[in-house]
Number of protein chains: 2
Amino acid sequence: MDKFTIKDIAKLAEVSTATVSNFLNGNYAKMSNNTRTKLANIINKTNYHPSTTARNLAKNENKTIGVSVADITNPFTTPVISGISERCEKYGYKVIFTNSNNDEQREIENINRMREEEVAGLIIDPVNPDSNIYNQLSNAYTVIVDRQPRRNVIDTIVTDNRDSVKNMVAQMQANGYEDLYFISWPLDSFSTRVNRYAGFKLATNYLDDEHLLTVPYNTELTKSNGFDQVLKKIMTNPHKKIGFFTMNSRVLLQLLKSAQRLNYTYPTDFGVATYEEFEWMQLLNPGISCIRQDSFTIGCSAMNLLKDKLETTFTNEPAPQVKVVPTDMIIRESF
Amino acid sequence: MDKFTIKDIAKLAEVSTATVSNFLNGNYAKMSNNTRTKLANIINKTNYHPSTTARNLAKNENKTIGVSVADITNPFTTPVISGISERCEKYGYKVIFTNSNNDEQREIENINRMREEEVAGLIIDPVNPDSNIYNQLSNAYTVIVDRQPRRNVIDTIVTDNRDSVKNMVAQMQANGYEDLYFISWPLDSFSTRVNRYAGFKLATNYLDDEHLLTVPYNTELTKSNGFDQVLKKIMTNPHKKIGFFTMNSRVLLQLLKSAQRLNYTYPTDFGVATYEEFEWMQLLNPGISCIRQDSFTIGCSAMNLLKDKLETTFTNEPAPQVKVVPTDMIIRESF
DNA sequence: CTGTTAGCGCATTCAT
DNA sequence: ATGAATGCGCTAACAG
């Protein structure tokens with residue numbers, strides 16, 4: 001590629017490198033209009049571009065932020081990345097990505113690698129938000145998205161998990177559904193799942209966990225995994241209108257597949273609603289009521305917040321905050 | 001973060017910075033075993049990490065590669081990125097991402113920005129592979145994926161578009177389907193679409209384009225856009241078994257939605273197969289026969305190739321090649 | 001307004 | 001086997 005340096009430009013323009021540097025940094029006050037236009041011309045003609053590497057070294061700063069995502073194949077992730085990228089571009093940051101592939105060890109390595117490479121800030125979609133690797137990270141330069149740590153030491157951007165579920169389930173109740181079930185992958189301590197379930201309990205007032213149904217994570221849809229039995233048992237219990245809320249679209253897929261095998265249909269035999277919305281849901285007839293989360297906005301918010309933290313100097317560090325991004329409730333004909 | 005430099009380490013170990021540098025670069029031959037272990041200890045204890053920025057500047061190299069994707073929300077893209085990332089990690093490259101959002105202008109800006117930032121190489125999933133921006137790029141440091149330029153000047157990794165469609169359609173013919181249609185977004189000059197259609201014609205030997213049905217790009221599934229009429233007309237033509245091949249999953253969605261509205265079902269009223277496979281297809285009953293492409297491998301191959309190009313010095317530049325990544329044909333019950 | 005100069009953190013001859 | 005010196009391309013005082 002081009003081999004021009006600031007020296008070459010200085011020589012061509014018959015000025016010093018300092019003047020060129022000033023020009024590059026927009027300090028036009030420090031030069032005559034004459035040299036300013038001359039420089040502009042030369043730089044334009046030579047197609048010269050300052051080396052970011054050298055610049056970073058000299059200024060001892062690095063305008064790149066590092067992103068670690070838990071699982072890039074998770075459809076939730078893509079819009080988040082998209083939001084982050086767009087923001088970074090706008091703010092003049094570069095962004096480097098790593099994928100943990102749901103592997104906690106891998107995540108640790110990735111984060112460490114990025115830190116060693118002196119990124120200015122970190123945005124993390126954590127595999128396990130309660131991992132203690134985050135304790136070594138400073139809230140001054142990192143933001144967590146999606147999954148929320150139990151002990152909050154770092155700013156976190158999450159979607160409205162609890163209240164949106166609560167509202168949707170309340171809606172189901174308003175439509176006469178009395179026997180409600182929350183279907184989810186194992187809750188473990190994933191805040192997304194836990195909070196969605198919390199919303200469910202808030203609406204239903206169930207005291208125990210009898211209405212929490214779990215299906216195994218990442219299983220083949222073609223196999224029943226015993227869920228068929230569970231479903232069958234529930235469905236043969238005829239006193240009340242039965243409704244299901246699924247924790248995400250892949251769980252919904254499990255439920256529908258199971259129902260298909262057992263020949264149950266909605267909204268006749270049961271009502272259903274889900275967290276998440278995807279294009280393929282439009283194929284389903286009747287349409288599925290769902291909670292649409294705005295992942296793109298989550299990405300944007302994360303970067304906005306990070307930029308603020310990076311570029312403002314606080315006299316005293318503010319307490320870590322949790323920002324909740326609102327969702328849309330889409331009502332269709334599934335209950 | 002840490003403020004240790006190579007000087008500090010040198011001082012602590014009572015050696016010169018040169019020795020430390022040699023240690024860091026694995027030139028153990030140039031020092032005694034004694035200083036080697038001493039250095040190892042100190043570096044370990046101080047948690048010192050050399051500055052990649054300074055290193056890059058000194059060596060005048062930059063181990064990061066730039067990736068430009070046409071549309072990050074395209075489900076094809078995610079596994080490609082995943083493959084690239086994984087490879088980069090393995091080979092010790094960093095990777096920076098940009099999203100063109102299907103905007104050619106934006107893509108140009110992104111690519112230029114990355115070039116200015118002195119990335120070592122470029123992997124491009126192009127918005128418009130025939131754009132002349134690629135003429136300014138050297139085949140020495142760039143690889144194109146997915147969409148294939150008509151005039152090939154840069155190495156390209158694509159999925160097996162033509163032959164896999166040909167084979168699938170031949171399969172449909174073997175099952176007795178005689179009136180076959182290829183449904184696609186407008187072909188324009190997108191190589192993916194063009195090549196898939198070429199495969200279709202190869203199998204069917206249709207001479208004209210009467211059996212090419214196009215649906216508008218990115219439309220709401222809930223609207224018919226006139227496709228319902230087209231479908232209806234075809235379906236009322238009863239002499240032969242009718243079969244459809246859809247160019248990708250989103251087009252499949254269009255077809256199925258339309259069929260749903262008109263109350264046609266497969267494989268009774270028509271047979272169908274599609275390019276691409278996604279998880280939600282498992283919901284469809286009967287199952288849809290499809291061509292599964294290995295996007296992850298495409299990403300890996302792209303990075304493999306790029307690494308080769310970057311790290312080997314050619315006496316004479318080899319001619320640009322097109323690498324075709326094979327697909328899987330999944331036969332289910334949709335025809 | 002413009003030029004001189006001393007770093008930024010590291011790699012790399014060339015001596016010793 | 002080790003060290004001193006020089007430079008990578010740029011920025012930021014400080015002089016003038």
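Keep in mind the model is a prediction, meaning the values are calculated, not measured. Chain letters run A, B, ... following the sequence lines, proteins first and then strands; every chain starts at 1.
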Could you tell me how far apart [X] ([atom1]) and [N] ([atom2]) are, to the nearest whole angstrom?
X	N	atom1	atom2	result
Lys38(A)	dC1(C)	NZ	P	15 Å
Tyr28(A)	dT2(C)	OH	P	14 Å
Glu14(B)	dG3(D)	CD	P	10 Å
Asn62(A)	dC8(C)	CG	P	17 Å
Leu24(A)	dC10(D)	CG	C1'	9 Å
Leu57(A)	dG9(C)	CG	C1'	6 Å
Asn33(A)	dC1(C)	CG	P	8 Å
Asp8(B)	dC8(C)	CG	P	11 Å

Just to be sure I understand the rule, does [X] reach a base, reach only the sugar-phosphate, or reach nothing, if contact means heavy atoms closer than 4.0 Å?
X	result
Thr53(A)	nothing
Glu61(A)	nothing
Asn56(A)	nothing
Lys30(A)	base
Ser51(B)	sugar-phosphate

If you compare every side-chain N and O of [X] against the phosphate oxygens of [N] (OP1, OP2), does one of them come in below 4.0 Å?
X	N	result
Ser16(B)	dT2(D)	no
Thr35(B)	dT2(D)	yes
Tyr48(B)	dC10(C)	yes
Thr5(B)	dG9(C)	no
Thr19(A)	dG3(C)	yes
Arg55(B)	dA11(C)	yes
Ser32(B)	dT2(D)	yes

By nearest-nucleotide position on DNA chain D, the 5'-leaning member of Thr17(A) and Lys7(A) is Lys7(A)

Side chains of Asn128(B) and Ser131(B), donor plus acceptor under 3.5 Å | no

Would you kindly say whether Ser32(A) and Asn34(A) are connected by a side-chain donor-acceptor distance under 3.5 Å?
-> no

Please determine which of Ile124(A), Ile84(A), Asn110(A) meets the side-chain contact (heavy atoms from CB on, under 4.5 Å) test together with Val67(A).
-> Ile84(A)

Would you mind checking if [Y] and [X] are paired as a salt bridge, meaning a charged N to carboxylate O distance below 4.0 Å?
X	Y	result
Asp125(B)	Arg147(B)	no
Arg151(A)	Asp130(A)	no
Arg106(A)	Glu89(B)	yes

5' precedence on DNA chain C between Ala54(A) and Val15(A) (nearest-nucleotide basis) = Val15(A)

Which of the following nucleotides, [options], is nearest to the side chain of [X]?
X	options	value
Lys59(B)	dT11(D), dC8(C), dA11(C)	dA11(C)
Ala18(A)	dG3(D), dG7(C), dT4(C)	dT4(C)
Asn25(B)	dA11(C), dC10(C), dG9(D)	dA11(C)

